[in-house]
Amino acid sequence: MSKPFSRRRFLRTAVAASVLPIFPDAVRGAPPAPKRLVAGTRMLEVNGRPAKVFGLTGPDGRPGIHLAAGERFRVEFANESGARTLVHWHGQLPPWTQDGFPWPQTPPIANGAVEAYDYLPIPGTYWMHSHHDMQEQSLMTAPLIVHSAAELREDRQDVVLMLHDFTFRTPEEVLAGLTGTSVAAAQAMAQKTEQASADKDDADVTEARMVGMEGGAPRMAMPGMAVSGPGGMQMHMDLNDVHYDAFLANDRTLADPEIARVERGGRIRLRVINGASSSQFWIDLGDLVGRVVATDGHPVHPVAGSRFPLAMAQRLDILIDLPRAGAFPILARLEGGGRQTGILLATADASISRIAESAEVAPPVDHSLEARLMAAEPLPPRSADIVQTIVLGGGMKPYAWSINGEYWPQVSPLMLTKGQRVEINLVNRTMMAHPIHLHGHAFQVIAIDGRPIQGAVRDTVLVMPMARVRIAFDADNPGRWPLHCHNLYHAITGMMTEFRYQGIII
Ligand SMILES: [Cu+2]
């Protein structure tokens with residue numbers, strides 16, 4: 001990966017040198033031209049059928065944005081998708097007005113419009129996805145890779161593996177099927193979520209629960225839940241709300257997989273991104289042994305293995321040293337389903353054989369990796385200023401999911417003050433696992449089911465059915481920030497709330 005960036009740097013220097021005599025002052029302080037990111041549509045072929053999907057294409061024609069070490073996220077985002085859209089830079093820590101969430105102050109961008117973004121990114125494996133409507137399901141998603149000097153010194157070949165779940169149905173049809181309503185009603189529900197507290201007046205704000213006390217019990221009973229306590233997760237855990245037509249790895253199925261050319265004995269940094277809307281996977285390296293060195297972009301002490309669980313929206317950086325020449329499938333196996341997708345790492349002389357799309361049923365994704373992870377750059381030790389419990393509720397019948405008994409957008413914001421160390425107890429009172437994502441902050445996982453750990457720093461953590469996960473973060477990024485389940489259909493039916501800093505004018 002170092003080559004394109006050195007070439008780019010060279011070009012920039014050459015351009016600067018050529019104009020230097022004319023505009024010395026302007027050039028000396030001039031930042032590089034912004035990168036252009038275009039939201040558009042494109043055609044894929046899936047299972048032999050054409051499929052029109054969205055896409056996010058960067059300046060080099062690749063999906064998404066790749067930034068050199070030290071480079072700012074300076075992007076001109078051009079919406080040529082034919083629809084309104086708004087793209088969120090998942091896991092990055094920009095000012096809240098550049099986060100790409102449809103608050104009333106930051107509405108979706110019109111088709112044909114261009115929006116500028118400029119912030120200091122954090123290095124690692126990130127991604128971007130539309131936060132408008134349910135465009136994420138229609139592949140308005142792409143990698144966001146921020147290189148670091150340390151990682152470039154390792155001189156490894158970068159391989160990005162981005163996963164999707166794909167359906168020929170529209171997301172509105174999927175949601176209508178889940179909720180037992182009409183497509184029109186599902187469309188209305190998706191649009192309603194963008195009212196995002198816009199309807200709330202000052203009275204509601206006054207009602208906002210002050211974060212700072214243990215508690216925050218649900219205001220209403222969870223529909224249809226029989227609370228059976230920890231250990232019940234084996235009984236009737238729900239998996240895979242949606243039946244998909246295909247699972248994509250870099251937009252392709254195993255019928256025609258991407259083949260990443262690697263050198264014999266090659267040293268790889270595999271960046272796996274679960275960009276699926278409602279599916280979780282086991283990353284299966286087959287015979288290879290890899291070392292997980294980062295989760296959600298943040299470094300961890302290496303964990304060796306060949307099979308790693310990956311929840312929705314999470315990422316893994318896995319270092320792989322190839323033992324020999326050959327073809328090495330890197331598979332993503334759907335939890336609870338006998339289906340898989342993937343890519344191949346292959347040396348020049350390797351013979352490639354077809355890999356089946358069906359396989360043995362993989363078990364549910366779990367905390368086996370999470371419990372072993374240790375942050376390489378943990379939060380500074382500090383006691384919490386405030387502790388808040390967040391209860392995840394809801395169920396399949398009726399299909400609706402909640403936080404603290406509330407359904408987005410009718411929620412009471414959780415108030416924060418800048419400078420606080422915040423601890424959140426995520427308590428799952430449902431029979432599904434929920435990948436919970438907080439915008440604008442990186443948090444550390446500090447306990448699983450009451451057992452303290454010095455866990456990973458992340459932006460998305462899976463909370464297993466009937467389980468508890470405790471996270472900590474520093475309130476250092478004033479604004480309005482969503483916390484939500486990253487299962488698209490859970491978020492859209494209500495499993496989302498807001499952290500709001502004191503003093504933010506809405
Ligand atoms: Cu969920």
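Atoms within each ligand, like the ligands themselves, are counted from 1 in listed order.
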>> Keeping to distances under 2.8 Å, can you name the protein N/O/S atoms close to the Cu ion (ligand 1)?
In response: His434 ND1, Cys485 SG, His490 ND1
> Excluding sequence neighbours, so at least two apart, what forms salt bridge (Lys or Arg N to Asp or Glu O under 4.0 Å) with Arg291?
Replying inline: Asp321
> Can you name the residues that form a ring-ring contact (aromatic ring centres under 6.0 Å, His included) with Phe166, not counting sequence neighbours?
Replying inline: Phe168
>> Once you measure the plane-to-plane angle for Trp401 and Tyr399, does it fall in the parallel (<30°), tilted (30-60°) or perpendicular (>60°) bin?
In response: perpendicular
> Using 4.0 Å as the upper bound for N to carboxylate O, is an ion pair formed by Asp99 and Arg480?
Replying inline: no
>> For residues 295-318, which residue pairs pass the salt bridge (charged side-chain N to carboxylate O under 4.0 Å, His left out) check, not counting sequence neighbours?
In response: Arg269-Asp317, Arg271-Asp317, Asp284-Arg307, Asp296-Arg315, Asp296-Arg458, Arg315-Asp459
>> Classify the ring geometry of Trp103 against Trp96: parallel below 30°, tilted from 30° to 60°, perpendicular beyond 60°.
In response: perpendicular
